[in-house]
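Shown next, in structure tokens, is the structure this report addresses.
Residue numbers run from 1 in the order of the sequence given. When a ligand or atom number is given, it counts from 1 through the structure's own listing order.
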Amino acid sequence: MSKTSANSMWGGRFSAGPDAIMEAINASIEFDKRLAPQDIAGSRAHAAMLAVCGIISEADAKAIDAGLVQVQDEITRGDFAFSTALEDIHMNVEARLREIIGAPAGRLHTARSRNDQVALDFRLWVREQCDAAIAGLEALMRAFLGQAEAGADWVMPGFTHLQTAQPVTWGHHMLAYVEMFARDKSRFEDARRRMNECPLGAAALAGTSFPIDRHATAAVLGFDRPTANSLDSVSDRDFALEFLSSSAICATHLSRFAEELVIWSSAQFRFVRMSDRFSTGSSIMPQKRNPDAAELLRAKLGRILGATVALFTVIKGLPLTYSKDMQEDKEQVFDAADTLMLGLAAMEGMVRDLTTNREALEAAASAGFSTATDLADWLVRELDLPFREAHHVTGALVKLAEDKGCDLPDLSLAEMQKTHGQITEAVYSVLGVQNSVASRTSYGGTAPENVRARVAHWKEVLG
Ligand code: ARG
């Protein structure tokens with residue numbers, strides 16, 4: 001049992017301090033100290049507005065501002081003693097401000113509550129993370145574009161069910177990820193746009209009777225406008241849920257390419273080689289090059305998805321408005337954001353450094369009768385067979401090649417004609433993997449000319 005004195009911030013009606021266990025479960029300073037810059041920026045905007053609106057004196061506002069600048073300096077220098085007894089970042093900053101400037105510090109909290117304060121701080125923080133995710137995604141898209149441009153016409157197997165399906169180009173495969181990451185980027189942009197309303201001035205939950213100017217603080221803090229409903233302002237965390245959801249989708253995309261890297265870099269595939277900078281060795285097996293970074297990236301999705309589910313669970317079913325449950329929002333979002341930024345940077349590095357084994361790609365593309373569909377299409381186009389019949393004829397030719405242990409282009413014309421009499425020499429023009437990919441010029445198809453056009457498009461978009 002702790003015999004500490006009551007909290008100086010709100011302890012007017014308390015005669016004893018909290019139990020040590022109470023303090024441990026209640027305090028958020030260990031993690032919300034990360035919000036110090038946002039908290040101080042919000043307080044500076046608030047104090048300046050209070051003075052302009054005649055709610056506090058110019059002299060007090062000046063003292064508050066100078067004091068807050070000093071607090072920020074101390075925190076930046078690592079000279080600040082964070083106190084668990086003061087619960088959270090808001091009270092830690094204010095208590096230090098009082099030590100520095102004395103009585104005027106007590107006027108800062110006029111027309112404000114920790115409820116709108118934390119809603120503001122957290123929104124500012126998440127907004128910054130959206131910007132960081134957008135920048136990280138742009139860098140990653142550039143790395144994939146570099147790969148796509150270099151290998152616009154390199155042939156590789158395209159897979160369905162991880163079985164060789166049809167030949168595709170390396171560039172096309174890389175561009176598939178550029179499309180995914182572009183959508184991820186747009187999700188962060190959308191989320192940012194929606195969250196860019198300022199909750200400051202909602203006060204505890206009902207607004208305030210002081211003649212504050214919420215439009216002024218919103219503008220100074222870079223928001224498009226103030227939030228329109230004070231209850232909503234202090235009680236919703238949908239901006240954080242949107243950030244987490246967008247992060248989870250993005251991390252899902254990252255994990256899929258990470259998995260491909262793990263498969264492709266194996267001795268059985270040898271499609272790619274990861275650079276030394278992004279591989280590790282084994283302490284016992286000297287031949288090993290392990291794709292640890294890719295594996296970890298694949299796994300880290302779990303943390304981000306976990307954080308997303310955790311915050312949904314916290315917010316679900318909460319009555320309006322603020323409940324202390326909501327303090328549990330921060331650690332989840334902090335961890336997810338850190339994980340995402342690290343993942344984006346690691347993937348960018350891996351993709352930039354990746355060396356591709358063109359020969360292995362092309363050899364794999366030719367295996368497994370990957371141009372069977374081209375043969376069927378040719379029978380439809382040139383001999384006017386119904387597709388179902390063409391499919392049947394092709395199946396027979398695949399079986400023949402399989403029995404002979406050769407590939408489709410290795411069958412002689414006579415052998416082919418035994419299966420269907422009208423097949424001509426021209427059929428060989430569609431059987432090679434190069435011919436196959438070059439023919440797929442439909443919009444969004446894998447042809448090298450499409451890949452080059454799409455690379456040019458994305459380069460222009462990214463500037
Ligand atoms: N540390 C709190 C949080 O993170 C700040 C808001 C506290 N408000 C309150 N009424 N106790 O949510």
Side-chain angles (χ1 to χ4, degrees), residues 4 6-14 17-19 21-43 45-46 68 71 75 80 82-97 106 108-129 195 198-208 217 221 227 229-241 243-244 307 310-337:
T4 52
N7 187 301
S8 61
M9 293 291 158
W10 42 255
R13 60 175 295 224
F14 286 70
D19 188 275
I21 301 292
M22 174 58 197
E23 194 171 289
I25 195 173
N26 197 37
S28 54
I29 189 62
E30 263 322 302
F31 46 88
D32 70 13
K33 58 180 157 201
R34 268 184 95 158
L35 297 178
Q38 289 74 19
D39 194 72
I40 290 168
S43 289
H46 184 66
L68 286 169
V71 173
I75 293 174
F80 190 96
F82 291 101
S83 149
T84 317
L86 288 166
E87 262 187 62
D88 58 23
I89 186 61
H90 324 297
M91 298 207 286
N92 269 268
V93 168
E94 198 185 317
R96 179 67 189 130
L97 182 67
L108 171 60
H109 215 51
T110 317
R112 188 178 76 168
S113 150
R114 276 190 294 157
N115 295 351
D116 59 339
Q117 203 178 345
V118 74
L120 169 69
D121 295 2
F122 198 35
R123 215 178 262 244
L124 286 170
W125 196 88
V126 173
R127 189 177 74 179
E128 271 176 33
Q129 297 304 306
M195 76 178 66
C198 185
L200 185 62
L205 76 164
T208 175
T217 42
L221 294 166
T227 50
N229 181 297
S230 62
L231 304 177
D232 172 45
S233 311
V234 297
S235 70
D236 208 353
R237 293 292 182 267
D238 61 351
F239 63 91
L241 291 174
F243 174 76
L244 288 175
L311 187 57
F312 270 103
T313 313
V314 166
I315 304 297
K316 175 197 166 297
L318 276 189
L320 301 191
T321 58
Y322 179 85
S323 297
K324 196 64 175 252
D325 308 50
M326 290 161 71
Q327 180 165 286
E328 286 293 306
D329 55 2
K330 289 168 216 50
E331 283 172 294
Q332 303 297 342
V333 174
F334 290 164
D335 186 64

Report task. Run the salt-bridge test on Arg114 and Glu87 with the 4.0 Å N-O cut-off and return the result as yes or no. Result -> yes

Query - Atom CD of Glu30 with >12 non-hydrogen neighbours under 6.0 angstrom - result: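 12 or below, so no.
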
Query raised in the report: Should we say atom NZ of Lys316 is surrounded by more than 12 heavy atoms from elsewhere, each under 6.0 Å from it?
Result: no

Nearest-contact summary for [atom] - protein heavy atom, Å:
atom	answer
atom 6 (C) of ligand 1	Tyr322 OH, 3.4 Å
atom 5 (C) of ligand 1	Asp88 OD2, 3.5 Å
atom 2 (C) of ligand 1	Gln327 OE1, 3.2 Å

Taking only heavy atoms of [X] into account, list the atoms of ligand 1 that are under 4.0 Å away from them.
X	answer
Asn115	8 (N), 9 (C), 10 (N)
Val118	3 (C), 4 (O), 5 (C), 6 (C)
Ser28	1 (N)

Report task. Measure up the Phe122 and Trp125 rings against each other and bin them: parallel (under 30°), tilted (30 to 60°), perpendicular (over 60°). Result -> parallel

**Report entry** Ser83 and Ile29, any side-chain heavy atoms less than 4.5 Å apart
**Finding:**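 Contact flag for Ile29/Ser83 side chains = no.
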
Requested in this report: Kindly indicate whether the side chain of Val333, heavy atoms from C-beta on, has any atom under 4.5 Å from the side chain of Gln129.
Outcome: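 With C-beta onward as the side chain, the pair stays apart.
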
Query raised in the report: Do Arg96 and Phe80 meet the cation-pi criteria used here (NZ or CZ under 6.0 Å from the six-membered ring centre, within 45° of the axis)?
Result: no

**Report entry** Contact check, Gln117 vs ligand 1, heavy-atom distance below 4.0 Å
**Finding:** no

Query raised in the report: Mind checking whether His90 has a heavy atom under 4.0 Å from ligand 1?
Result: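 In this structure, His90 qualifies as a contact of ligand 1 - some heavy atom is under 4.0 Å.
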
Query raised in the report: For ligand 1, which part of Glu87 has a heavy atom less than 4.0 Å away: the side chain, the backbone, both, or neither?
Result: neither

Query raised in the report: Given Arg114, Lys330, Glu328, which has its nearest heavy atom closest to atom 11 (N) of ligand 1?
Result: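 Considering heavy atoms of Arg114, Lys330, Glu328, the nearest to atom 11 (N) of ligand 1 sits in Arg114.
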
